[in-house]
2 protein chains.
Amino acid sequence: MNKIDIIIVDDHVLFSQALNGLVSNYDEFNVVTVLNNGKELVDYFSIENKQPKIVLMDIQMPLMNGIEATQWLKDNKPEIKVLALSMEADEDTILKMLRAGAKGYLLKDIHPSVLQHALKEVYASGFYYTENVTNTLLNSIHNKEKPIAIKLKERELEFLKLACTERTYKEIAEVMFLSPKTVDNYREALFEKLGAKTRIGLVLYAIKEKIVIL
Amino acid sequence: MNKIDIIIVDDHVLFSQALNGLVSNYDEFNVVTVLNNGKELVDYFSIENKQPKIVLMDIQMPLMNGIEATQWLKDNKPEIKVLALSMEADEDTILKMLRAGAKGYLLKDIHPSVLQHALKEVYASGFYYTENVTNTLLNSIHNKEKPIAIKLKERELEFLKLACTERTYKEIAEVMFLSPKTVDNYREALFEKLGAKTRIGLVLYAIKEKIVIL
DNA sequence: TTCTAAAAGGGGATATTTCCCCTTTTTATA
DNA sequence: TATAAAAAGGGGAAATATCCCCTTTTAGAA
């Protein structure tokens, strides 16, 4: 019988090796190899012509993460189907992974039988989306209206970062080689754009949006 | 031959089941059961008298985490040795786990053979510390001098949180049912304690120390 | 109850922030 | 090159924040 070839990519060796044993036990599947990160996957295809049907892909990995690796596969080996396998359940990660071309998204706390089912589905139907992922997708459509990511200019960003220090505006002006009055203009412009009423508001915004990291 | 009984506690079912297969393949070990979190472990011992020699314990788990569960084992089943198995490599977590009584601390990106070796060591010697953990321990001794966690009084904390809003001090005084002058005293006291020169400094401190969450 | 320290309140001065309305210089582009 | 928009700079004033030094009230220990 012809087994379905699978490659596992995950930097947690203990997990990937254990998973290897698990999947190999299923009659339908054959684990071709286990790799540690996206980079190793790219390297693998540079010396190996035989292609797996499915790649079980972790996301958070060193050197080349799962999103980049999935994108690479979409661009270079579009026949191979990627099934994402991750701990991150946040909307942003899921969307990035799906946009990169993943055919499914599983969390690591699922039961092994779900994995088996998902693998079969991906092979047979070409995709497998859990309820979780479907909800996330629907959610993202609804929320597309609100976050009109405020665009800040280079100089405004620079000022904003300096505003998140104990410098006075006069000192900020010196650092930026500007007149205090010009700095005052930046301040006022940002108050308007970000809906702040005080400098504290600027600081809170900058930290919330990770413009400054503490 | 008498195998060494092991219990696996981990909320990532896929991982724990895969690990089950892996460890069961080793001749020396026998996985008695696989549980999803600390709570299940406590429940397990309330109906089961047979004790495993080793518990492979995840840390981040719902209901009852690995640290609490390890502490419980130390208090109630001190003969059972806990080998921590986690993704978190930060000093704080490692120390908490060791203080709770763990006999070893492994990261999930180790090679299966290391796990096998660690299990054998824990059974034979009673403990197994990787270089990583040893370094962390040494490090923690060196750094014990600096973080003299600044103690803030209830009312100061309250003020500090309000200072991280766009309220003026006058408004803060109203919220706290205090005179603006008293609020000014709190401000000055915190400037002194936290080494701040401006209100921005207070905000940065509060966020850095997670006194306010954004 | 007396004493003491912490909590609360205050006067008054100076520095900084915030605001509004304006001009000049630079940059991009039609 | 004309022209509009963006960037930079400014005057002046009111509101806040910061600072220093002081008194009164409250709560708890002696």
Side-chain angles (χ1 to χ4, degrees), chain A residues 145-214, chain B residues 145-214:
Chain A
E145 43 214 327
K146 274 176 285 181
I148 326 145
I150 300 166
K151 289 235 164 62
L152 298 184
K153 299 176 188 124
E154 257 320 299
R155 212 67 173 143
E156 286 177 334
L157 223 53
E158 208 179 323
F159 164 76
L160 185 53
K161 284 175 187 171
L162 287 166
C164 297
T165 68
E166 294 197 316
R167 286 176 179 86
T168 65
Y169 290 137
K170 199 196 289 185
E171 290 167 339
I172 291 176
E174 283 169 19
V175 174
M176 292 180 74
F177 297 107
L178 288 175
S179 147
K181 278 301 178 178
T182 305
V183 164
D184 196 42
N185 286 336
Y186 282 113
R187 179 193 58 71
E188 202 146 9
L190 284 183
F191 273 27
E192 174 65 27
K193 281 194 188 181
L194 310 181
K197 285 197 295 287
T198 70
R199 184 168 168 180
I200 305 295
L202 295 186
V203 173
L204 297 177
Y205 176 90
I207 294 172
K208 215 178 296 185
E209 298 300 320
K210 301 192 200 306
I211 291 167
V212 296
I213 309 292
L214 297 186
Chain B
E145 44 216 325
K146 277 177 284 183
I148 327 148
I150 301 167
K151 288 236 164 64
L152 298 184
K153 301 181 187 118
E154 257 321 299
R155 211 66 172 146
E156 285 177 335
L157 223 53
E158 208 179 322
F159 165 75
L160 184 53
K161 285 177 186 169
L162 287 166
C164 297
T165 68
E166 293 198 316
R167 286 177 178 86
T168 66
Y169 290 137
K170 199 198 288 185
E171 291 167 339
I172 291 176
E174 282 168 18
V175 174
M176 292 181 73
F177 296 108
L178 288 175
S179 148
K181 278 300 178 179
T182 305
V183 164
D184 196 43
N185 286 335
Y186 281 113
R187 179 194 57 71
E188 201 146 9
L190 283 183
F191 274 27
E192 174 65 28
K193 281 194 188 181
L194 309 182
K197 285 198 295 289
T198 69
R199 183 167 167 180
I200 306 295
L202 295 185
V203 174
L204 296 177
Y205 176 89
I207 294 172
K208 214 178 296 184
E209 298 300 321
K210 300 191 198 309
I211 290 166
V212 297
I213 309 293
L214 297 186

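This is a predicted model, so every value here is computed, not measured. Every chain is numbered from 1 and lettered A, B, ... according to where its sequence line falls, protein lines coming before strand lines.
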Could you pull out all residues at least two apart from A:E158 that satisfy side-chain contact (heavy atoms from CB on, under 4.5 Å)?
A:R155, A:M176
Applying side-chain contact (heavy atoms from CB on, under 4.5 Å) to B:E174 and not counting sequence neighbours gives none
Just verifying a value: how many Å separate B:K161 NZ and B:I172 CD1, rounded to the nearest 0.5 Å?
13.5 Å
Side chain to side chain donor-acceptor pair (under 3.5 Å) with A:R187: which residues, sequence neighbours excluded?
A:D184
For nucleotides 24-29 of chain D, list the nitrogen or oxygen atoms of the protein found under 3.5 Å from its nitrogen or oxygen atoms, one pair per line.
none

Separation between CG of B:L214 and CD1 of A:I207, rounded to the nearest 0.5 Å
6.0 Å
Could you check how far CZ of A:R199 sits from P of C:dA15, rounded to whole Å?
18 Å
side-chain contact (heavy atoms from CB on, under 4.5 Å) partners of B:A206, counting only residues at least two apart
B:L160, B:C164, B:I211, B:V212
Starting at the 5' end of DNA chain D, what dot-bracket string do you get if Watson-Crick and G-U pairs under 3.5 Å are bracketed, crossing pairs use [ ], other-strand pairs use | and unpaired bases use dots?
||||||||||||||||||||||||||||||
Taking atom P of D:dC20 as reference, at what distance in whole Å does atom CD of B:E192 sit?
10 Å
Would you tabulate the pairs of protein nitrogen or oxygen atoms and nucleotide nitrogen or oxygen atoms of nucleotides 19-28 of chain C closer than 3.5 angstrom?
from   : atom 1 : to     : atom 2 : distance (Å)
C:dC19 : N4     : A:D184 : OD2    : 2.9

Spacing between B:I200 atom CD1 and D:dA17 atom P, to the nearest angstrom:
11 Å
Check nucleotides 5-7 of chain C against the protein and report each pair of N or O atoms closer than 3.5 Å, with its distance, or say if there are none.
from  : atom 1 : to     : atom 2 : distance (Å)
C:dA7 : OP2    : B:K153 : NZ     : 3.2

To the nearest 0.5 Å, what is the distance between CG on A:N185 and CZ on A:F159?
10.0 Å
Taking only side-chain nitrogens and oxygens of B:T198, does any of them come within less than 4.0 Å of OP1 or OP2 of C:dT16?
no
For A:E209, which residues count as a side chain to side chain donor-acceptor pair (under 3.5 Å) partner, sequence neighbours excluded?
none
Side-chain donor/acceptor of A:E192 to backbone N/O of A:A189, under 3.5 Å:
no
To the nearest angstrom, the CZ-C1' distance between A:F177 and D:dA7 comes to 17 Å
Could you tell me how far apart A:E174 (CD) and C:dT16 (P) are, to the nearest whole angstrom?
11 Å
Contacts to DNA chain D from residues 161-173 of chain A, heavy-atom cutoff under 4.0 Å, which residues?
none
Solution key, residues 194-204 of chain A side-chain donor-acceptor pairs under 3.5 Å, sequence neighbours excluded:
from   : atom 1 : to     : atom 2 : distance (Å)
A:T198 : OG1    : A:I200 : N      : 3.2
A:T198 : OG1    : A:G201 : N      : 3.4
A:R199 : NE     : A:A163 : O      : 3.0
A:R199 : NH1    : A:R167 : O      : 2.8
A:R199 : NH2    : A:A163 : O      : 3.0
A:R199 : NH2    : A:T165 : O      : 2.8
A:R199 : NH2    : A:R167 : O      : 2.7

Kindly compute the distance separating CG (B:L190) from NZ (B:K153), expressed to the nearest 0.5 Å.
9.5 Å
Could you work out, with side chain to side chain donor-acceptor pair (under 3.5 Å) as the rule, every residue matching A:K193, not counting sequence neighbours?
A:E156
